Amino acid sequence: MITKEMCQIVSHKEIAADIFKLTVEAEFVGQIKAPGQFVHIRVTNGWDPLLRRPISISSFDKKKNQLTMIYRREGKGTQLLSHLDTGKVVDILGPLGNGFPVGEVDKGQIALLVGGGIGVPPLYELSKQLTEKGVIVKHVLGFQSESHVFYKKEFSNYGETIVTTVDGSYGVKGLVTDVIKNLSFDCIFTCGPTPMLRAIKQEYSNKKVFLSLEERMGCGIGACFACVCKTGNDPLGNSYKKICSDGPVFRAEEVLI
Amino acid sequence: MITKEMCQIVSHKEIAADIFKLTVEAEFVGQIKAPGQFVHIRVTNGWDPLLRRPISISSFDKKKNQLTMIYRREGKGTQLLSHLDTGKVVDILGPLGNGFPVGEVDKGQIALLVGGGIGVPPLYELSKQLTEKGVIVKHVLGFQSESHVFYKKEFSNYGETIVTTVDGSYGVKGLVTDVIKNLSFDCIFTCGPTPMLRAIKQEYSNKKVFLSLEERMGCGIGACFACVCKTGNDPLGNSYKKICSDGPVFRAEEVLI
Amino acid sequence: MSRLNVELPGLKLKNPIMPASGCFGFGREYSQLYDLNLLGAIMIKATTVETRFGNPTPRVAETHAGMLNAIGLQNPGLDKVISEELPWLSQYDVPIIANVAGSVEEEYVEVARKISQSPNVHALELNISCPNVKTGGIAFGTIPEVAKQLTRKVKEVSEVPVYVKLSPNITNIVEMAKAVEAGGADGLSMINTLVGMKIDIKTGKPILANRTGGLSGPAIKPIAIRMIYEVSQVTNLPIIGMGGIQSAEDVIEFFYAGASAVAVGTANFVDPFVCPSIIEQLPELLEKLGFDHISECTGRSWKQNGQLAYHRS
Amino acid sequence: MSRLNVELPGLKLKNPIMPASGCFGFGREYSQLYDLNLLGAIMIKATTVETRFGNPTPRVAETHAGMLNAIGLQNPGLDKVISEELPWLSQYDVPIIANVAGSVEEEYVEVARKISQSPNVHALELNISCPNVKTGGIAFGTIPEVAKQLTRKVKEVSEVPVYVKLSPNITNIVEMAKAVEAGGADGLSMINTLVGMKIDIKTGKPILANRTGGLSGPAIKPIAIRMIYEVSQVTNLPIIGMGGIQSAEDVIEFFYAGASAVAVGTANFVDPFVCPSIIEQLPELLEKLGFDHISECTGRSWKQNGQLAYHRS
Ligand SMILES: Cc1cc2nc3c(=O)[nH]c(=O)nc-3n(C[C@H](O)[C@H](O)[C@H](O)COP(=O)(O)OP(=O)(O)OC[C@H]3O[C@@H](n4cnc5c(N)ncnc54)[C@H](O)[C@@H]3O)c2cc1C
Ligand SMILES: Cc1cc2nc3c(=O)[nH]c(=O)nc-3n(C[C@H](O)[C@H](O)[C@H](O)COP(=O)(O)OP(=O)(O)OC[C@H]3O[C@@H](n4cnc5c(N)ncnc54)[C@H](O)[C@@H]3O)c2cc1C
Ligand SMILES: Cc1cc2nc3c(=O)[nH]c(=O)nc-3n(C[C@H](O)[C@H](O)[C@H](O)COP(=O)(O)O)c2cc1C
Ligand SMILES: Cc1cc2nc3c(=O)[nH]c(=O)nc-3n(C[C@H](O)[C@H](O)[C@H](O)COP(=O)(O)O)c2cc1C
Ligand code: FES
Ligand code: FES
């Protein structure tokens with residue numbers, strides 16, 4: 001069930017340079033099915049900015065009916081969002097899409113969670129759920145530079161966590177893909193910029209790889225055809241997946257990116 | 001000097017049904033020349049609503065650098081304005097236009113101040129200044145009904161104050177023009193809906209009458225020609241006054257309304 | 001007594017509010033959010049003969065009080081729409097208006113002929129104005145003679161009334177409306193989107209992969225209102241108005257301008273419940289404004305005060 | 001080194017930012033707010049032969065992220081502009097672009113001939129596109145052959161380069177641009193406003209006394225960008241871009257689309273200091289984006305990556 005709800009803000013703070021952690025109370029938390037689902041946020045009562053903003057659910061608490069999102073302040077919409085104080089309400093549509101299939105990896109197996117920048121947040125709930133299930137999790141988290149790093153400690157609670165930064169100001173200098181080469185694992189779950197996803201998809205076509213994709217969205221629920229991507233193995237080139245409602249998480253071989 | 005200033009809100013409250021009293025701190029208070037001038041308020045940082053809203057200066061305090069406005073919550077812009085709490089800042093352009101000529105009436109003479117609805121506020125500072133000068137002031141204030149009445153007590157401090165309501169739920173039932181007939185005075189200062197101004201102008205063409213006009217505005221400073229009105233005694237019909245910069249206060253015979 | 005029921009050629013509507021084509025797919029997604037029976041009608045996504053993938057992504061970009069889209073008529077194709085989407089929609093007691101598109105005249109004619117035979121399709125919306133496809137589309141929508149010809153051909157084969165959807169990207173909307181009226185149109189639907197572009201400040205390139213896209217949303221409302229105002233005074237065709245509608249007040253404004261029903265597009269993305277909320281709020285607003293029935297509002301902006309409202313169907 | 005100085009026919013500008021015609025009067029009011037010498041140029045209010053009162057009020061109405069105006073070319077008339085306004089403006093070291101309007105060809109020609117002789121008028125902006133006057137105006141702006149003819153006539157008498165201001169209310173902006181280029185235009189200025197309407201929900205009547213008005217502001221920016229993108233690729237004329245500009249980022253977007261200078265209209269009403277703030281912010285933004293000079297941005301959205309920027313003057 002997708003619901004539109006006026007959600008009260010429980011806490012809202014900047015946890016790294018331009019990175020905000022927002023926790024709200026929402027009835028629809030009960031409807032969340034898997035880590036990696038997202039919500040669609042209206043940042044104003046007005047009509048400029050017009051569209052909702054898709055933000056991943058980073059973690060949730062079904063007992064408290066709370067969900068947490070982590071977002072980067074970028075453009076007009078997230079700027080406005082970042083000014084909303086605790087106690088105010090925000091209009092959220094969710095939960096949307098299909099998340100990471102926790103069932104695809106078994107107890108005792110090794111899952112590698114690879115996040116790039118603002119692709120990191122949805123992996124947090126995933127890591128928690130995999131750990132609870134007895135899966136061994138390893139994390140590789142890539143950021144621009146030290147000031148952008150967040151959640152290193154939180155991820156470390158669940159398993160080995162390697163941080164890379166492009167400029168080397170924190171952790172390993174370089175890209176996440178440089179680091180992954182040296183790790184052993186059974187399966188990859190990843191979310192981040194498309195070039196990163198593409199590299200992982202190509203390099204590890206022999207492994208189970210799950211990608212969480214991003215695209216500019218209109219409706220967020222599958223009605224407007226804004227967010228399609230082509231599917232793999234389609235000679236006619238006509239078939240497609242909607243990232244908002246069929247995804248955002250796909251098996252790597254399902255989609256062309 | 002017209003200034004654009006980010007003004008801090010000192011107090012903001014609803015004083016009658018949908019009528020708000022807003023006091024802000026502004027450096028430009030020192031520049032105010034006469035009662036009846038106005039300011040142009042930007043109610044959002046965004047672009048929807050786009051235009052500033054013209055609101056009269058209802059009173060000011062040069063020592064504290066404070067000015068007070070009284071406005072009715074009507075459409076989109078004043079709705080947004082009404083949600084701004086004490087302590088927030090609001091973008092104000094002012095002081096604008098030319099106010100009521102206090103010098104036109106002498107000590108000991110009787111000035112009649114006639115306000116209709118949201119035309120009442122600018123008369124308040126006028127009444128104060130006339131009183132200080134030794135002019136005898138009388139007020140006739142017209143409202144829709146009891147719940148809309150405001151500032152009856154404040155005006156009473158300066159002189160006789162008759163309130164009329166259209167439905168008779170408070171004060172005299174009827175229009176302000178019904179009441180004025182029975183009063184004696186040397187001069188009228190008035191602000192309110194155009195039909196009221198028109199009636200007063202016609203009825204008292206033998207007296208000194210000063211009208212404060214309203215018109216939809218673009219720039220508010222005289223540059224865009226949005227707010228013109230035709231002038232009296234102009235056979236060619238080409239001459240005009242700009243309400244924002246030549247007015248909003250005019251001698252009745254100066255303008256065609 | 002309902003204040004909202006209206007009759008237009010082919011359409012007996014419980015209320016004059018419908019989602020606009022392309023903003024509601026074939027109804028499946030919104031059916032998870034509310035009961036589609038609440039709607040006056042549904043304008044389904046443009047249908048072409050063949051399955052179309054449409055344009056590459058990004059396909060949408062946000063603008064001030066508006067958005068650009070360049071979906072490019074992605075749709076499952078005529079056969080699938082007839083065999084899967086329309087039968088699924090038939091569980092609802094809601095007339096369907098099928099949006100008909102194509103690259104060449106023959107294609108429009110084939111889609112119109114076949115889709116108009118579906119039992120729950122009560123009218124066609126002839127999409128001669130989609131700005132996002134390379135061939136056809138907009139060309140049909142900009143040359144009156146071509147539009148008239150196409151309307152005539154489609155009318156010949158259609159089993160249901162035909163509403164022609166006009167493009168606002170033209171010099172003279174009145175001339176176009178008269179041309180399609182002469183071609184036999186039963187009604188008009190207006191407006192489609194305005195061609196626009198947004199450039200990414202960082203990359204220097206257009207945000208949309210298709211470069212240009214169609215501008216919709218509140219930003220274009222004044223243009224829609226003006227065009228409906230002009231056209232409604234010089235044709236006898238009922239108009240389904242659209243372009244930036246987001247509230248019950250907007251609906252009234254469109255009726256005042258000359259519309260007899262309205263469609264809501266972009267606002268569905270902002271508030272997926274916008275159609276049922278408008279339907280719920282309208283009676284009260286009509287009451288407040290002193291109307292017994294919404295049809296009294298049609299054309300009020302240009303009718304003489306005394307002149308009575310009339311039903312056009 | 002300045003990153004902002006640009007050269008266009010007749011215009012040596014210290015920066016490419018100027019207030020748009022009709023939104024700045026003849027400069028007197030804004031001169032009380034800041035030093036007009038900061039501006040790249042000033043486009044003054046449309047001038048006609050005779051004094052004009054213009055349309056009845058209300059003349060403006062607000063829309064979503066935009067506004068409608070129907071001023072109706074109110075201006076003091078050619079003689080007064082030449083004898084009072086231009087001499088007053090000559091105290092500033094700022095080139096003036098005179099907006100020339102009229103009802104018939106002869107009127108345009110007379111205004112152009114006389115006003116172009118004023119020493120501080122460095123260029124004319126031929127206003128063939130004002131949507132708010134009954135005669136002339138928009139008709140000149142919608143028929144390419146008529147526009148070409150008018151351009152030629154004005155060119156014959158003008159002592160300074162002529163920029164033709166294009167109307168967006170047409171089917172084919174490219175055809176129009178090419179027509180005025182063939183007529184001898186030295187540059188283009190685009191876009192003027194889109195014809196729109198707003199109806200008062202309470203009265204049921206249009207808010208503007210003139211009923212329709214010209215839509216300006218951020219709402220129309222995507223249309224301006226698209227048109228400049230299209231036109232800049234097929235003519236050799238430099239373009240002064242306008243339509244919804246409110247920030248330094250918007251200026252860059254217009255340059256990317258193909259503009260060589262820009263004008264700011266409606267945003268002056270929202271923030272009277274918008275022009276000087278943009279001028280102040282531009283160098284830093286250019287630095288951030290990696291440009292040594294703003295002219296490198298012109299046409300970037302359609303030029304091949306390797307292709308060098310060129311000065312067109
Ligand atoms: C399924 C999904 C999950 C996401 N989860 C997160 C998250 O957890 N944290 C986070 O910080 N970001 C996330 N994003 C990206 C986030 O949606 C964008 O950063 C955000 O929409 C930008 O809005 P803005 O107001 O800052 O920028 P603006 O530039 O004002 O945005 C303009 C328009 O472009 C769209 N847009 C811009 N960038 C993107 C983008 N990268 N992806 C999709 N739409 C975009 C906006 O939604 C809006 O419609 C996610 C995106 C998707 C599709
Ligand atoms: C010189 C002057 C002084 C004023 N002083 C006061 C005052 O002290 N208190 C007060 O409550 N009101 C005053 N008004 C009226 C006030 O400006 C409008 O009520 C207000 O602009 C309405 O804005 P809105 O957002 O509520 O309505 P909306 O309907 O959202 O306004 C839409 C547009 O129409 C304009 N508009 C709507 N109504 C009016 C109007 N009556 N006059 C001018 N423009 C209008 C708005 O400014 C805006 O541009 C004054 C108007 C003028 C011209
Ligand atoms: C994402 C999107 C897809 C659209 N697809 C179609 C379409 O397939 N056929 C059509 O005739 N109009 C299509 N339109 C235009 C709308 O039906 C409508 O005419 C336009 O968006 C104006 O209304 P609005 O401002 O309420 O959105 C589409 C609009 C949007 C935003
Ligand atoms: C109040 C007003 C008056 C205008 N008057 C003129 C005019 O006299 N001549 C002209 O060519 N354009 C006129 N315009 C159009 C502007 O110059 C400009 O082309 C248009 O507003 C788009 O730019 P903007 O969105 O920045 O306002 C006027 C616009 C406004 C808002
Ligand atoms: S955003 Fe509308 S289909 Fe995905
Ligand atoms: S509002 Fe612009 S001249 Fe008065």
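Every heavy atom of this structure was used, including side-chain atoms; hydrogens, water molecules and symmetry mates were not. Only a predicted model underlies this, so the values are computations on that prediction, with no experimental measurement involved.
- Within residues 249-257 of chain A, no residue approaches chain C closer than 4.5 Å by heavy atoms.
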At a 3.5 Å cut-off, give me the donor-acceptor pairs between chain A and chain C, one pair per line with the distance.
residue  : atom : partner  : partner atom : Å
A:Trp47  : NE1  : C:Gln246 : OE1          : 2.9
A:Asp48  : OD1  : C:His64  : ND1          : 3.3
A:Asp48  : OD2  : C:His64  : ND1          : 2.9
A:Leu50  : N    : C:Glu62  : OE2          : 3.0
A:Leu51  : N    : C:Glu62  : OE2          : 2.7
A:Arg52  : NE   : C:Val270 : O            : 2.7
A:Arg52  : NH2  : C:Val270 : O            : 2.9
A:Arg53  : NH1  : C:Glu62  : OE1          : 3.4
A:Arg53  : NH1  : C:Glu62  : OE2          : 2.9
A:Arg53  : NH2  : C:Glu62  : OE1          : 2.8
A:Lys76  : NZ   : C:His64  : ND1          : 3.2
A:Glu215 : OE1  : C:Thr57  : OG1          : 3.1
A:Ala223 : O    : C:Gly25  : N            : 3.2
A:Phe225 : O    : C:Arg59  : NH1          : 2.7
A:Lys242 : NZ   : C:Glu29  : OE2          : 3.4

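- In this structure the side chain of A:Ile221 never reaches within 4.5 angstrom of the side chain of C:Phe269, judged on heavy atoms.
- Judged as a side-chain contact (heavy atoms from CB on, under 4.5 Å), and not counting sequence neighbours, the contacts of A:Ile188 are A:Leu112, A:Val114, A:Phe185, A:Thr190, A:Ile200, A:Tyr204, A:Val209.
- In terms of heavy-atom pairs under 4.5 Å with chain A, the best-connected choice from C:Pro76, C:Gly54, C:Gly66, C:Gly217 is C:Gly66.
- Most heavy-atom pairs under 4.5 Å with chain C, from the set A:Ala226, A:Pro49, A:Gly75: that is A:Ala226.
- Listed by chain and number, the residues in a side-chain contact (heavy atoms from CB on, under 4.5 Å) with A:Gln8 are A:Val89 (sequence neighbours excluded).
- By the neighbour-count criterion of 12 heavy atoms within 6.0 Å, atom NZ of A:Lys62 is densely surrounded, having more than that number from other residues, nucleotides or ligands.
- A:Ile2 places none of its side-chain heavy atoms less than 4.5 Å from the side chain of C:Pro272.
- Heavy atoms of A:Met1 lying under 4.5 Å from chain C belong exclusively to its side chain.
- Across C:Pro218 and A:Leu50, no two heavy atoms sit closer than the pair CD-CD1, 3.7 Å.
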